[in-house]
Number of protein chains: 2
Amino acid sequence: MVERRERARRTTMNDVARVAGVSSASVSYALTGAPGVSDELRERIRAIANELGYRPSLVAQGLKTGRARSIGLLLADISNPFYTEIAASAVAAAGDEGYEVLISHVGLGQDTDGDDDGEREAARLAAVARAHIDRYTSGLMLTSLLASDRPLLEELRRTHVPVVQLYRRVPGEPSDWVGIDDHAAAADVMNHLIATGRRHIVVLGGQRSSYASTARATGFVDTLRAAGLQPANPDQGLWAGISRRSGYERAHELFAGDTRIDAVACGNDLIALGVLDACRDAGRAVPDDVAVTGIDDMSFASVGPLQLTTVTVPREQIGRRGVQLLLRRIDGNSGPPVEEVLPHRLRVRDTA
Amino acid sequence: MVERRERARRTTMNDVARVAGVSSASVSYALTGAPGVSDELRERIRAIANELGYRPSLVAQGLKTGRARSIGLLLADISNPFYTEIAASAVAAAGDEGYEVLISHVGLGQDTDGDDDGEREAARLAAVARAHIDRYTSGLMLTSLLASDRPLLEELRRTHVPVVQLYRRVPGEPSDWVGIDDHAAAADVMNHLIATGRRHIVVLGGQRSSYASTARATGFVDTLRAAGLQPANPDQGLWAGISRRSGYERAHELFAGDTRIDAVACGNDLIALGVLDACRDAGRAVPDDVAVTGIDDMSFASVGPLQLTTVTVPREQIGRRGVQLLLRRIDGNSGPPVEEVLPHRLRVRDTA
DNA sequence: GTGAAAGCGCTAACAC
DNA sequence: GTGTTAGCGCTTTCAC
């Protein structure tokens, strides 16, 4: 497939220079605000550029400077509203600083078993990251990290591409991160479940190779153990893909095999919504027969009759802080990695 | 804010050429598959490029060719799941053809009154579109069009930037479009409402300056009139921002002023979810006291106890066809504009 | 079949 | 204070 159609020629810096009767260098100085031209000339050049509808080519600029003045935001799955809410705030924050946020949908994390080793997923994430790097992105915001992404992170570090990890992270990775205390968040949920009398509690943790997921799963299980309980499902059954479908399918099986289950603690809201679907199908009343909980508190976790009990997280702040941290790195700050733990809060609604 | 940190030098085509002992031109031929090198040389160059971890600079390529091999997808509001579902399929379709989809969140359409003339919104959309153009995007997919965006569309046409309109469109605009028959979709919903005995029906249409919204509003009203009925709200009250909050606020007012309302027909699902929130607040039982309907059938319109009656639309196909049409244009096809009307279907669930 | 060289539009030395 | 110039990394004519 070859691109044929020719584009109308853009107005270039040379065009402006010619009309103004100056060199392109002066135009560059005048427009970027660099010293080197008189105020008077600067004004004249600005006026002409404006009149000609001149807009600098970010591509030429990028080739010259090595930076595109854009931030790449890589979302595992753009149809997970939790991440798009983070994205919206990141866009706003970056815009204030003159950066464009270019969002990519990586298409990950939806496997039903949540149990793959992440090889294929890592390859796909790396490919998308490179697509941004080859366009000279100024920096990358990553949300979909698995343990298997460590080589990619190392590659990014070697090539000095600024990176911030949002929410999820690869442990031990020396780049900035902003998120919540996953273990504590899960513990809060589990304590609530136990306090309200649940005893046959299933844990549906998320992806086995995701640090956030394992931290949550551990938080669930530790809390159960501390109360002298066990997950109602076997250890190998703790994992699920990060998707509604996965939550649905896992719950569906589980319900078929065990009628005593009285609660399902899910690693995130999306999984919990799938469990709710399964409850409806199986005719299990929520919360009377079975309690269901999530983590994230994405906006669609509470709509009209749907009122999921979950953990609320400062999404707006995650996006905003993430951009701030990244911009510091883009500006050359090379201090030690920042790990910012934001507050979370249990939100008891109608499902538990 | 200045970008300071220097990036590790990338492996360039010249590096490959030097190691292979050939000119950079030969490397270019070898790697792009162009004729001009022997099969043997081609293989040798490929091997060296591989070994060196060479990746072509898309920026340099872009500067030379005028195209970045990327498609810009501009979403009015990235937290509207309906559009992100379209986005996911567009990404998949474009990836098959070697194009990267870069998604932007424009941040539009959420005004509560849905009544602004779109001046500010048009300016914001134009700014985002230019951010893509200045990066030499191969083409643009637009989803958030209002009547006031016509100047932007004209600018794009003048500068030969291929464009496809998804779902929404500016009437009379000679660019490709793929969507549904909005008027008919609204009529289907309204007929259902009337057939099930509703008589005091409120219409909450969406943005006044959106063609899709007005087509739907007209579909609602025409169908009411044909049945000898009127909207239960005044004409000026027909409009709402494309958001849950807006749906909530409008319904909240409406419920306070009129207790006979027995149905709310909404221009899209998001608005309908807001209305459902308001019903819950006001203690109105759905569907017994009041019926609520949407259009779009985004995935979160039906979760567990939440089962919105709406119109389902082939989202996957919209994204895929949109990419196909755009790629044709990028490849230089200049045939007459294509308008592709995809099938919709009323989906009766629990709210009406 | 292969290489030299021009140039895409811009920035940043450096010279004047 | 202003202009000249050398690239950034690639594609593409044009010679050989």
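What you see is a predicted model, and the numbers here were worked out from it, not measured in a lab. Proteins come first, then strands; the chains are lettered A, B, ... in the order of their sequence lines, and each starts at number 1. Keep in mind that the numbers below use all heavy atoms, side chains included, and drop hydrogens, waters and symmetry copies.
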If the cut-off is 4.0 Å, is B:Ser57 near the phosphate of D:dG9, judged by side-chain N/O to OP1 or OP2? no
Roughly how many Å is it from CG in A:Leu63 to C1' in C:dT11, rounded to a whole number? 11 Å
Taking only side-chain nitrogens and oxygens of A:Ser38, does any of them come within less than 4.0 Å of OP1 or OP2 of D:dG1? no
What integer distance in Å separates B:Leu58:CG from D:dT11:C1'? 14 Å
Please state whether the phosphate of D:dT11, meaning OP1 or OP2, lies under 4.0 angstrom from any side-chain nitrogen or oxygen of B:Ser28. yes
Just call it for B:Pro35: base, sugar-phosphate, or nothing, with non-hydrogen atoms closer than 4.0 Å on any strand. nothing
Protein-nucleotide distance (A:Ile45, atom CD1; C:dT11, atom P), rounded to Å: 13 Å
With a 3.5 Å cut-off and no angle check, do the side chains of B:Gln317 and B:Arg320 form a donor-acceptor pair? no
Donor-acceptor pair, side chain of A:Asp176 and main chain of A:Val164, under 3.5 angstrom: no
What is the distance from CZ of A:Arg18 to C1' of D:dG3, rounded to the nearest Å? 16 Å
Nearest-nucleotide 5' precedence on DNA chain C, A:Tyr29 against B:Gly21: B:Gly21
Between the base of C:dG9 and the side chain of B:Tyr136, is there any donor-acceptor pair under 3.5 Å? no
Quick one, A:Ile45 and A:Arg42 - any side-chain contact, counting heavy atoms below 4.5 Å? no
Keeping B:Asp15 on the side-chain end and B:Thr12 on the backbone end, is there a donor-acceptor pair under 3.5 Å? yes
Check the distance between D:dC8's P and B:Asn14's CG and give it to me in whole angstrom. 8 Å
Choosing from D:dG9, C:dG3, D:dG3, which nucleotide comes nearest the side chain of B:Ala60? D:dG9
Less than 4.0 angstrom between a side-chain N/O of A:Ser24 and OP1 or OP2 of C:dT11, yes or no? no
Report the residue (A:Leu41 or B:Thr32) whose heavy-atom-nearest nucleotide on DNA chain D is the more 5′ of the two. A:Leu41
Whole angstrom is fine here: how far is it from NZ in A:Lys64 over to P in C:dC10? 13 Å
Would you tell me if any nitrogen or oxygen in the side chain of B:Gln61 comes within less than 4.0 Å of OP1 or OP2 on D:dT11? yes
How close or far is atom P of D:dG9 from atom CZ of B:Arg67, stated in whole angstroms? 23 Å
How would you label the contact of A:Val59 with the nucleic acid (heavy atoms, under 4.0 Å): base, sugar-phosphate, or nothing? nothing
Using side-chain heavy atoms (C-beta onward) and a distance below 4.5 Å, is B:Leu102 in contact with A:Arg135? yes
For B:Asp15 and D:dC10, give me the distance from atom CG to atom P, rounded to whole Å. 9 Å
